[in-house]
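Remember, predicted model here, so these are calculated numbers, not experimental data.
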Amino acid sequence: MRPKDTVALRELFFWRRRSSVAAVREFVRRAAEEWGLGERVDDVVLCASELATNAVLHGVPAGRGYLVRVERAEATAGLRIEVHDSGDGWDDVRVSGAGPVGSEASDESGRGLIIVNACADRWGVAVRQPGKIVWCEFTGGASLR
């Protein structure tokens, strides 16, 4: 999605707190429902939650926060979620077939990007200074079926 395709945009800053993840879910759900995204709202909210959790646990240094950006594109009738953080480690944001690189099958955590990979149509990481942007996209018709 390119900025010129954006027809609706919401962004909000959150402090690095575990409780912020629930606020991110509500923020993204409200935007998705206002835009009439239909059946995939739960997938959109789940992915936003996973990206925010990763930012809180791994991406945002203590005492800082992160930006969540949700945009709707007219040309593709798609939705993009971005989580901007100021932490390093962008090259560690990868998923192998069984889980995050370096994870074990018995690990109790570390499955967030597997969920994003399964639910979103695309996802990736972009470098920014400082930090990174982890994003995911949902494409499709007006209801994102």
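Two residues are said to be in side-chain contact when any heavy atoms from C-beta on lie closer than 4.5 Å; Val56 and Tyr66 meet this criterion. When side chains are defined from C-beta on, Val127 does not count as touching Ile133, because their heavy atoms never get closer than 4.5 Å. Trp35 is listed as a side-chain neighbour of Val70, based on a closest heavy-atom distance under 4.5 Å. Counting only heavy atoms from C-beta outward, the side chains of Trp123 and Asp121 never approach each other to under 4.5 Å.
Looking at every heavy atom in both residues, Arg10 comes nearest to Ala31 through CG-CB, 4.0 Å. Here the closest non-hydrogen pair linking Gly87 and Lys132 is O-NZ, 3.8 Å. Across all their heavy atoms, Val28 and Val68 have their closest contact at CG2-CG1, 4.3 Å. When every heavy atom of Phe14 is checked against every heavy atom of Ala23, the shortest pair comes out as CE2-CB, 3.7 Å.
A single hydrophobic cluster is seen to contain both Val45 and Leu79, as judged by linkage of ILVMFWY side chains at heavy-atom distances under 4.5 Å, directly or through other members. In terms of hydrophobic clustering, with Ile, Leu, Val, Met, Phe, Trp and Tyr side chains grouped at heavy-atom distances under 4.5 Å, Val24 and Val41 are assigned to a common cluster. Taking hydrophobic clusters as Ile, Leu, Val, Met, Phe, Trp and Tyr residues chained together by side-chain heavy-atom distances below 4.5 Å, Leu51 shares a cluster with Phe27. Residues Leu113 and Val21 share a hydrophobic cluster, clusters being chains of Ile/Leu/Val/Met/Phe/Trp/Tyr side chains in contact below 4.5 Å. Under the 4.5 Å side-chain heavy-atom criterion for grouping Ile, Leu, Val, Met, Phe, Trp and Tyr, Val83 is connected to Val125 within one hydrophobic cluster.
Between Arg80 atom CZ and Arg69 atom CZ the span is 9.0 Å, to the nearest 0.5 Å. In this structure, the separation between CD on Glu82 and CD on Glu71 is 5.5 Å, given to the nearest 0.5 Å. The CZ atom of Arg72 lies 13.5 Å from the CG atom of Leu9; values are rounded to the nearest 0.5 Å.
Applying the salt bridge (charged side-chain N to carboxylate O under 4.0 Å, His left out) rule to Arg16 yields no partners; only residues at least two apart in sequence or on another chain are considered. A search for side chain to side chain donor-acceptor pair (under 3.5 Å) contacts involving Arg17 returns nothing, not counting sequence neighbours. Scored by the side-chain contact (heavy atoms from CB on, under 4.5 Å) test, Ala120 finds Cys47, Val116, Cys136, Phe138 as partners (sequence neighbours excluded). Partners of Arg30 according to the salt bridge (charged side-chain N to carboxylate O under 4.0 Å, His left out) rule, which considers only residues two or more places apart in sequence or in another chain, are Glu26.
Counting only residues at least two apart or on different chains, the side-chain hydrogen bond (donor to acceptor under 3.5 Å, both in side chains) pairs with a member in residues 46-58 are Arg25-Ser49.
As a member of the Ile/Leu/Val/Met/Phe/Trp/Tyr network built from side-chain separations under 4.5 Å, Ile115 groups with Leu46.
A salt bridge does not link Asp85 with Arg128: every distance from a Lys NZ or Arg NE/NH1/NH2 to an Asp or Glu carboxylate oxygen is 4.0 Å or more.
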- Task: Take His84 and Glu11 through the test side chain to side chain contact (heavy atoms under 4.5 Å, CB included) and record every step on the way to the result.
- Result: CA-CA 10 Å; His84 300 233; Glu11 58 183 26; over 6 Å; no
